[in-house]
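Single-structure report; data block below.
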Protein chains: 2
Amino acid sequence: MSLRYALLAILRVGPLSGYDLAKQFAQSVGHVWHAPDSQIYPELRKMEAEGLVEGEQQARGERGHRRLYHVTPAGDAAFTDWMAAPLDYQRVRDPAHLRAAYLEATTPDAARAFLRAHRAQWQSELEQWEGELVRIDTVTNPMLARRIAVTAEQDRERTIAYKRFTYEGLVARARIEIEWAERGLALVDRLSDDPDAGPAGGR
Amino acid sequence: MSLRYALLAILRVGPLSGYDLAKQFAQSVGHVWHAPDSQIYPELRKMEAEGLVEGEQQARGERGHRRLYHVTPAGDAAFTDWMAAPLDYQRVRDPAHLRAAYLEATTPDAARAFLRAHRAQWQSELEQWEGELVRIDTVTNPMLARRIAVTAEQDRERTIAYKRFTYEGLVARARIEIEWAERGLALVDRLSDDPDAGPAGGR
DNA sequence: TAAATCATGTAAGACGTTACATGATTGC
DNA sequence: GCAATCATGTAACGTCTTACATGATTTA
């Protein structure tokens, strides 16, 4: 249900074709809300049918074409309504913590492999998000630059501050996950050191 | 795809009816993987069709009945295979951070309402998970107690340690989300204090 | 005898994934 | 002329949500 608002957020900056939108999406809001092209095109059509965006067919060469979408007043209202409405939180569904709860059922090696993969996963997210933070500070992200260009000067600080705030949150979460995986690796070591009766445990 | 492994994890402790399983589920693994009854019953049937569990129809009174499920060797193997296989991470899809990225598009009051709700949401999760930590330490959680009862003594420490590790991770994450929301509230205050040209910002 | 709870679902639809399909145009 | 990339999807399938449906048994 959030996909359309992610799309509206981008389109509000200026009209784009589905293709360009998908590219911009991937390097901006896609960092917090992933969507493949195969979901974006149909959603745009659906939004058009509901009057949130308007598509304008354009010729491109002899028989090529593309559809340029722009936000309608209704689309703008839908976006601001969503911003003011309570967010619906999904129920917890966390495969990593599910598995962690049963690590005693596997070998120490498998447990380590899982925890190392978890660390690597979040390390890679962390790098993405830290990269974004740099691009926010330097206004290097193309999406943000476009947005800043159409934003009144007195609103620029706020725009940038909230972007920064968002990515700081993501970075903090990634760090927590990495630390957790590392504590897990230490725990596996400790528990597999003394298999039955060491000085600290066993009974 | 993880639901069946969550179900297997519980059934491995001992046979249960779908009804009992759903209850136990909610107060143990349901803290990390939510599933409604309407998903559990069909999944059990599907798992039975695939030979992972076996259901035994039992009479209950005159014409009542219930179906007692137990894990087959194939189900056990499926579980341990899953434990040893790489976990597939879902792509990021985070409505709260999506909204946070565009808070400049709404009023300070709406921004505050969102951030307070976010804090409340994670505060409530935090309480759940901290409660679980206490029930782990005191072996008060009925699921854990059943599991410990059927676990060889030298494996009990590990079983408890991994449960604790899991919930510690969840607690840490909840705290991070709460802190983030609080930093956000402070940010809204700062940004709405000086609407156009204060000493620290504006231009 | 009425309420609680035991017991098991179905049905419709939204959302998301994966893989595949197709053709035009631009740059080398 | 060929590759890259521009451009837009469809189709099938799986998961999850929400709401509803039904009846039996136990306990107060």
Side-chain angles (χ1 to χ4, degrees), chain A residues 1-7 11 15-27 29-30 32-50 52-53 55-69 82 87-95 98, chain B residues 1-7 11 15-27 29-30 32-50 52-53 55-69 82 87-95 98:
Chain A
M1 199 70 266
S2 294
L3 174 58
R4 59 176 50 195
Y5 303 106
L7 296 177
L11 281 181
L16 285 172
S17 67
Y19 183 82
D20 288 333
L21 175 54
K23 300 303 133 185
Q24 303 261 11
F25 192 94
Q27 60 185 261
V29 76
V32 293
W33 193 276
H34 168 81
D37 299 1
S38 66
Q39 214 186 343
I40 291 177
Y41 285 114
E43 184 66 22
L44 281 170
R45 287 289 185 173
K46 240 177 90 189
M47 289 162 73
E48 187 172 18
E50 292 174 41
L52 306 182
V53 298
E56 186 195 340
Q57 196 82 359
Q58 290 188 326
R60 178 170 168 273
E62 282 301 302
R63 70 192 92 200
H65 54 84
R66 57 187 229 138
R67 202 166 176 78
L68 199 68
Y69 290 97
W82 177 74
L87 201 61
D88 61 323
Y89 286 84
Q90 350 262 119
R91 314 303 287 269
V92 195
R93 203 166 279 119
D94 184 334
L98 171 59
Chain B
M1 200 69 266
S2 293
L3 174 57
R4 58 176 51 193
Y5 303 106
L7 297 176
L11 282 181
L16 285 172
S17 68
Y19 184 82
D20 288 334
L21 175 54
K23 300 303 132 188
Q24 302 261 13
F25 191 94
Q27 58 184 263
V29 74
V32 293
W33 194 275
H34 168 81
D37 299 1
S38 66
Q39 213 186 344
I40 291 177
Y41 285 114
E43 184 68 21
L44 281 169
R45 288 288 184 171
K46 240 176 90 189
M47 288 162 73
E48 188 172 15
E50 292 175 40
L52 305 182
V53 298
E56 185 193 344
Q57 196 81 1
Q58 289 188 328
R60 177 166 169 275
E62 284 301 302
R63 69 191 94 200
H65 54 84
R66 56 187 228 136
R67 202 165 177 78
L68 200 67
Y69 289 98
W82 178 73
L87 200 61
D88 61 321
Y89 286 85
Q90 350 261 119
R91 314 303 288 268
V92 195
R93 202 165 280 116
D94 184 335
L98 170 61

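Here is the naming used below: chain letters follow the sequence lines, and residue numbers restart at 1 for every chain.
- Residues satisfying the side-chain hydrogen bond (donor to acceptor under 3.5 Å, both in side chains) criterion with E48(A), sequence neighbours excluded, are R67(A).
- Atom CG in D20(B) sits about 9 Å away from atom C1' in dC6(C), given to the nearest Å.
- In this structure D37(B) satisfies the salt bridge (charged side-chain N to carboxylate O under 4.0 Å, His left out) test with no other residue, sequence neighbours excluded.
- By the side-chain hydrogen bond (donor to acceptor under 3.5 Å, both in side chains) test, E56(A) pairs with no residue at all, sequence neighbours left out.
- One interatomic measurement links the two molecules: CD of Q57(B) to P of dT8(C), which rounds to 8 Å at whole-angstrom precision.
- Look at CZ on R91(B): it is 18 Å from P on dT15(D), rounded to the nearest Å.
- In this structure, OG on S17(A) lies 12.0 Å from NE2 on H65(A), to the nearest 0.5 angstrom.
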Query raised in the report: Reading nucleotides 23-28 of chain C 5' to 3', which nucleotides get B (base under 4.0 Å from a protein heavy atom), which S (sugar-phosphate only), which -?
Result: -SS---
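- Residues satisfying the ring pair (Phe, Tyr, Trp, His ring centres under 6.0 Å) criterion with Y5(A), sequence neighbours excluded, are W82(A).
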Report task. Any chance you could list the contact pattern along nucleotides 9-16 of chain C? Use B for base contacts, S for sugar-phosphate-only contacts and - for none, protein heavy atoms under 4.0 Å, 5' to 3'. Result -> BB----SS
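- Legend: residues meeting side-chain hydrogen bond (donor to acceptor under 3.5 Å, both in side chains) with E43(A), ordered by chain and number and at least two apart, are R4(A).
- Legend: residues meeting side-chain hydrogen bond (donor to acceptor under 3.5 Å, both in side chains) with Q39(B), ordered by chain and number and at least two apart, are absent.
- Between dC6(D) and Y19(A), a contact under 4.0 Å exists linking OP1 or OP2 to a side-chain N or O.
- Not counting sequence neighbours, the partners of R66(A) by the salt bridge (charged side-chain N to carboxylate O under 4.0 Å, His left out) test are D20(A).
- For A35(A) and R66(B), each mapped to the nucleotide of DNA chain C holding its nearest heavy atom, the one lying further toward the 5' end belongs to R66(B).
- As rounded to whole Å, 10 Å separates atom P of dA7(D) from atom CD of Q58(A).
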